[in-house]
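Letters go in sequence order (proteins before strands), and every chain restarts at 1.
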Amino acid sequence: MPELPEVETIRRQMERDVVGKKIKTVDVSGTRSVRRQPKKQFISRLEGTKLTGVRRKGKFIMVTLDSGDLLLVHLRMSGQLLRTANKDEVAKHTHVTITFTQHGQLRYVDPRTFGELFVTNPDTIDEDAPDVVSLGIDPVEEPMSWTNFGRMLMAHKMKLKAFLTDQTILAGIGNIYSDEILFAAGLRYDRTTDSLSTMEIRRLYRAVVETLHDAIKFSGSTLADDQYVDLFGKPGEYQEHHQVYGRDKLACRRCRSVITKAKFAQRSTYFCPDCQM
DNA sequence: CGATCTACCTGATGGC
DNA sequence: TGCCATCAGGTAGATC
């Protein structure tokens, strides 16, 4: 489900709403959402700690705790973090409930159970979470020059969509935003990284940054199944601004050609055959 | 090394 | 209605 803009929306809300709160109790039900460490350890390392900050790298949310530990959350396809009152009805597929000493709870809900939570520490994260350590550059948190971006492109010979969605190169871009970025850049998903002119490199870098910032401004994208909602259960609005994603057989908003749907790496890919070359 | 595919899950949707 | 196939924001791991 969520990509960088959706995760960033939740991060910003958590920064305002849960930082400073102290965890009273943690409840874990089911076996899949906390799977990287024993449930008991997960719970004991959280209970009694205070949340001191919320950061993000790619699609990971990292909550800093006053114990020095880090609570890591990855929502994968269908995870939601929801701020609730203690007495609010418990939604189906609620797998983790964090109750604060005051002012309610933070709940983790995830129908498909692909997402996960775990507690780690800066000293042990190399062993605990190699997937976090190996993340590439977060294009929103770590801005770079377009020349540096060009060097990254040249260092990997692959198709543009594979480049954009490889979390060890750029962290945070998934299936929706790679398609939207490539439309904004006027480039096809199957162009190779080493085929771009200087102008195209600049266009692509600009599209990465602008598309992600735009999507954050509109609180991310909620698709027809309503799976993505923010910390307070509210859907995003960026789907109304999609130029290509989910718009196959519709007219391109720019040139009126028909948007095409293709398969790339077993995923749907949408593009305008006339605006993207 | 890269690319390609499969598996992990539940639920919504569409065709027959 | 029901049944079955297909698809969905992601990524790790096996295989070639």
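For A224(A) and P111(A), each mapped to the nucleotide of DNA chain B holding its nearest heavy atom, the one lying further toward the 5' end belongs to P111(A).
Each of dA8(C), dG11(B), dT4(B) was ranked by its minimum atom distance to the side chain of H93(A); first place goes to dG11(B). The listed nucleotides are dA3(B), dT10(B), dG10(C); the one nearest the side chain of E3(A) is dG10(C). Side chain of K92(A), nearest nucleotide from dG10(C), dG11(B), dA3(B): dG11(B). Minimum atom distance to the side chain of F114(A) is reached by dC8(B), of the listed dT10(B), dC8(B), dA12(C). The side chain of M77(A) sits closest to dA8(C) out of dG11(B), dA8(C), dT11(C).
Atom P of nucleotide dC7(C) and atom CG of N175(A) are separated by 13 Å, given to the nearest angstrom. Between the NE2 atom of H74(A) and the C1' atom of dC8(B) there is a distance of 14 Å, rounded to whole Å. For the pair R267(A) CZ and dT6(B) P, the interatomic distance rounds to 15 Å; values are reported in whole Å. Distance Y177(A) OH to dA8(C) P: 16 Å, rounded to the nearest Å. We find that CD of Q80(A) is positioned 16 Å from P of dT10(B), with the value rounded to whole Å. Between the CZ atom of F264(A) and the P atom of dA8(C) there is a distance of 15 Å, rounded to whole Å. Remark: C1' of dA3(B) and CG of D166(A) are 12 Å apart, rounded to the nearest angstrom. Rounded to a whole Å, the CZ atom of F163(A) is 13 Å from the P atom of dG2(B).
For the side-chain hydrogen bond (donor to acceptor under 3.5 Å, both in side chains) criterion with R107(A), the lone passing option out of T84(A), T97(A), T94(A) is T84(A). Evaluated for a side-chain hydrogen bond (donor to acceptor under 3.5 Å, both in side chains) with E116(A), the options H95(A), H74(A), R36(A) yield exactly one hit, R36(A).
Residue R32(A) places at least one side-chain N or O under 4.0 Å from the OP1 or OP2 atom of dC9(B). Between K159(A) and dA3(B) there is no side-chain polar atom (N or O) within less than 4.0 angstrom of OP1 or OP2. A sub-4.0 Å separation between OP1 or OP2 of dC1(B) and a side-chain N or O of K157(A) is absent. Of the side-chain N and O atoms in Q266(A), none sit less than 4.0 angstrom from OP1 or OP2 of dT4(B). For S268(A), a side-chain nitrogen or oxygen approaches OP1 or OP2 of dA8(C) to under 4.0 Å.
L70(A) and L51(A) end up in different hydrophobic clusters when Ile, Leu, Val, Met, Phe, Trp and Tyr side chains are linked at under 4.5 Å.
No engagement by F60(A) is indicated, since no non-hydrogen atom pair under 4.0 Å with the nucleic acid exists. Counting any heavy atom pair closer than 4.0 Å across all strands shown, T222(A) reaches a base atom. Among the protein residues, D131(A) comes within range of the sugar-phosphate backbone only, with heavy atoms under 4.0 Å from sugar or phosphate atoms but none that close to a base.
Only the P atoms considered, dC9(B) is 15 Å distant from dG13(C), to the nearest whole Å.
With a 6.0 Å cutoff to the six-membered ring centre and a 45° limit on the axis angle, R83(A) does not count as a cation-pi contact of F232(A).
T269(A) is not listed as a side-chain neighbour of T260(A), based on a closest heavy-atom distance of 4.5 Å or more. D69(A) has its side chain out of reach of T120(A): every pair of non-hydrogen atoms, C-beta onward, lies at least 4.5 Å apart.
With a cut-off of 3.5 Å on both Watson-Crick or G-U wobble distances, the partner of dC9(B) is given as none.
For R112(A) and dA8(C), a side-chain-to-base donor-acceptor distance below 3.5 Å is present, hydrogens and geometry of angles not being considered.
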